[in-house]
Amino acid sequence: MWKVEPSWKNVTDRPVLPWPIVAGAFLHFALPAYLLIGLACGAVGLLDGLTPPDLAAWALPYSVRFAVAYLILAVIATAAAAVLDPPLRRRQQRRVGRDPGAAERQSQRNLAGALTEGRARLDRDAVSALDGIAGIAWQHAEPAFQSISADLVEVIRTSVAAMATATPQRRQELATVTTATLTRIAATLRDLQEQRGRLDEGDLRVVARYIDSRYPPSDYASDSVQ
């Protein structure tokens, strides 16, 4: 069976651990959460009769309490993700072992979902890169393509989330980063496709040489004379 290692082997061969994603999400949403909770508490305080000076005096204690509580929550959630990931991953591996086609079907779902989400939520340049990715002949049964399909899902998910919370000034920069990342994935897929073509061509030449050596023209000529 054809098998080729991805050009970013040192990255995709390692599983994407959930705890850095959880920690990154808490870090990403820290400021929005601080502002939203602070505004909500301030509005409630005004309704209860607090004056602007009272709110100003309340801001520092609120900031300290929020930072401590948010940090504790982030640490607990990150630790829980790190602890729960190994047994969940082993369970998934056992399920895949019982159904060898599960990984291939999951890769197909990953690609279809990422393309649908990206085309609906990203800008024109990113969609163009996604069209290039979709146009490549995916070999979902191969581990390299399965790894890339999972990475593609993460790229689309994190890009859409970042765009949703970014300021208008930052969105263009994030869009450029997203397009560059998708372009890199497309280039890697093309490399894999070229490697597969070279291996298939090599297999054909080996078989052709075997046939030539096993059935030389003289054998047929002698058979026809007899």
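Residues Leu130 and Leu115 approach most closely at O-CD2, 3.7 Å, considering heavy atoms. Between Phe145 and Ser107, the closest heavy-atom pair is O-OG, 3.8 Å. Between Leu182 and Ala126 the shortest heavy-atom distance is CD1-O, 3.7 Å. Across every non-hydrogen atom of Thr179 and Ala129, the tightest pair is O-CB, 4.5 Å. In this structure, Phe26 and Ala77 approach most closely via the heavy-atom pair CE1-CB, 3.4 Å.
A salt bridge links Arg170 with Glu173: the closest approach of a Lys/Arg side-chain nitrogen to an acidic carboxylate oxygen falls below 4.0 angstrom.
Results of the side chain to side chain contact (heavy atoms under 4.5 Å, CB included) test with Gln139 over Gln146, Glu104, Arg196, Gln193 single out Arg196 as the only residue that passes.
With hydrogens and angles left out, the side-chain atoms of Asp54 and Thr51 include a donor and acceptor closer than 3.5 Å. Under 3.5 Å, the side chains of Asn110 and Gln106 contain a donor-acceptor pair of N or O atoms.
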Exercise for review: Carefully, step by step, assess Ile148 and Trp138 under the rule side chain to side chain contact (heavy atoms under 4.5 Å, CB included).
Suggested key: CA-CA 10 Å; Ile148 294 176; Trp138 281 72; 4.0 Å; yes

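To the nearest 0.5 Å, atom OG1 of residue Thr176 and atom CZ of residue Arg171 are 14.0 Å apart.
Counting heavy atoms of neighbouring residues, nucleotides and ligands inside a 6.0 Å radius, atom CZ of Arg65 exceeds 12 of them.
For Tyr34 and Tyr62, the ring centers are positioned less than 6.0 Å apart.
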